[in-house]
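Note that this is a predicted model, so its numbers are computed, not measured.
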Protein chains: 2
Amino acid sequence: MNIGDVANCSGLPAKTIRYYEEIGLVQPLRSANGYRTFRESDVHRLAFLGRARALGFTIEDCRSLLKLYADTDRASAEVKQIAEEHLERIDRKIAELTEMRATLAHLVDACAGDQRPDCPILADLATAQEEDCH
Amino acid sequence: MNIGDVANCSGLPAKTIRYYEEIGLVQPLRSANGYRTFRESDVHRLAFLGRARALGFTIEDCRSLLKLYADTDRASAEVKQIAEEHLERIDRKIAELTEMRATLAHLVDACAGDQRPDCPILADLATAQEEDCH
DNA sequence: ATTGACCTTCCAGCAGGTGGAACCCCTATC
DNA sequence: GATAGGGGTTCCACCTGCTGGAAGGTCAAT
């Protein structure tokens, strides 16, 4: 299988697949003309990567997960730990965004959004935390 | 005011302040020895930036917001539009993360997390979307 | 004179790709 | 045989928003 076919069926852009090879996540063979040749196992790895990335795992997480996946003697605890840490990262991110959202929604709500210059959004950005410097 | 003082009272690292100067968000003066000298207005701009960044606005948003802030003839509608677009970005991001979270939490829940190799997390990553390539 | 805390510039790197240039390969068609 | 098209290849630069570090200048106090 050439890279274009793999891109088609894995959903990953060819560029990304090349990048994954570059950083050692997948090692396709090469045919005589220099083209990458992907085995079923390579395609499988790429599908795995696509799915893991879609769940937001970092590339390093993916690397660990692939290693564990290949190791049939792994303890599921190791996998679970990676997933749990990622879950916590996601929760922290959601909390952060939710807080931003609340503040921002409040400001947007207070802003008339007309031709007049008065704007609570700018006012807030300009005046918040003035206590730091006298 | 030197950069260290500004860093202290704005909460922004000195590195970040230099970076903001480099990309033209703030233009401190220079004293004879080459040190950056920040006026009250510069400090104010930096505080504005810190606050806007904390709300998740991009640097380009910040640039626009600062321009609008400086223009006393602005229409609040322009500000509101930037904020609303950002709010939508945040909402999309939250939705994305929430979906990830749900899937991941489900998988983590199903995983025993013990010494045995059986792992629903890996199983899911390995088998999802197999229909793309026969 | 020297120490230590400032400040300066410049260069490299992070994550995770993406875009583009310049070029090779393969098949089909005229 | 020339050419057009649709693959593929490499390499290099760029994106966001900083951050770290090296190498060096400055300033106040000892």
Task: Euclidean distance, atom CD1 of residue B/Ile3 to atom P of D/dT19 [Å, nearest integer] - done: 13 Å
Side-chain atoms of residues 98-108 of chain B: list all donor-acceptor pairs with protein atoms under 3.5 Å, sequence neighbours left out, distances to 0.1 Å.
unit_1: B/Thr98; atom_1: OG1; unit_2: B/Ile94; atom_2: O; d: 2.6
unit_1: B/Arg101; atom_1: NH1; unit_2: A/Asp91; atom_2: OD1; d: 2.7
unit_1: B/Arg101; atom_1: NH1; unit_2: A/Asp91; atom_2: OD2; d: 2.7
unit_1: B/Thr103; atom_1: OG1; unit_2: B/Glu99; atom_2: O; d: 3.2

- [ ] Measure from the side-chain N and O atoms of B/Ser76 to the backbone N and O of A/Gly113, and report whether any donor-acceptor pair falls under 3.5 Å.
- [x] yes
TODO: Would you check if B/Arg63 and B/Phe57 make a side-chain contact, meaning some heavy-atom pair closer than 4.5 Å?
DONE: no
Open item on the list: So, taking the atom named CG in A/Asp42 and the one named OG1 in A/Thr37, what distance separates them when rounded to the nearest 0.5 Å?
Closed with: 9.5 Å
- [ ] Mark yes or no for whether A/Arg36, through its side chain, and A/Ile3, through its backbone, hold a donor-acceptor pair below 3.5 Å.
- [x] no
Open item on the list: Does this structure show an ion pair linking A/Asp61 with A/Arg89, if we count only N-O contacts that are shorter than 4.0 Å?
Closed with: yes
Task: A/Arg30 bridged to A/Glu21 by N-O distance under 4.0 Å - done: yes
Task: Rounded distance in Å - CD1 (B/Ile23) to C1' (D/dT19) - done: 14 Å
- [ ] Would you grab the first and last nucleotide of DNA chain C (5' to 3') that comes under 4.0 Å of any non-hydrogen atom in chain A?
- [x] C/dG16 to C/dC26
Open item on the list: From CZ of B/Arg18 over to P of D/dG20, roughly how many Å is that when rounded to an integer?
Closed with: 13 Å
Task: Value in whole Å for how far the C1' atom of D/dT16 lies from CD of B/Glu22 - done: 13 Å
Task: Separation of atom CZ in B/Arg63 from atom P in D/dG17, rounded to whole Å - done: 10 Å
Open item on the list: For a 4.5 angstrom cut-off between non-hydrogen side-chain atoms, does A/Val43 reach A/Ser41?
Closed with: no
Open item on the list: If hydrophobic clusters are built by linking Ile, Leu, Val, Met, Phe, Trp and Tyr wherever their side-chain heavy atoms come under 4.5 Å apart, do A/Tyr20 and A/Tyr35 end up in the same one?
Closed with: no
Open item on the list: What contact category does A/Arg53 fall into here, base, sugar-phosphate, or nothing, at under 4.0 angstrom with non-hydrogen atoms?
Closed with: sugar-phosphate
Task: Results of side chain to side chain donor-acceptor pair (under 3.5 Å) for B/Glu88 - residues two or more places apart only - done: none
Open item on the list: What contact category does B/Tyr20 fall into here, base, sugar-phosphate, or nothing, at under 4.0 angstrom with non-hydrogen atoms?
Closed with: sugar-phosphate
Task: With sequence neighbours excluded, residues passing ring pair (Phe, Tyr, Trp, His ring centres under 6.0 Å) with B/Phe38 - done: none
Open item on the list: Taking the axis from the first five pairs and the axis from the last five, what angle separates them in the helix from C/dA1-D/dT30 to C/dC30-D/dG1, rounded to 10 degrees?
Closed with: 40°
Open item on the list: It should be established whether A/Arg36 places a side-chain nitrogen or oxygen under 4.0 Å from OP1 or OP2 of nucleotide D/dT10.
Closed with: yes
Nucleotide N/O of nucleotides 22-25 of chain D paired with protein N/O under 3.5 Å:
unit_1: D/dG25; atom_1: N2; unit_2: B/Tyr35; atom_2: OH; d: 2.9

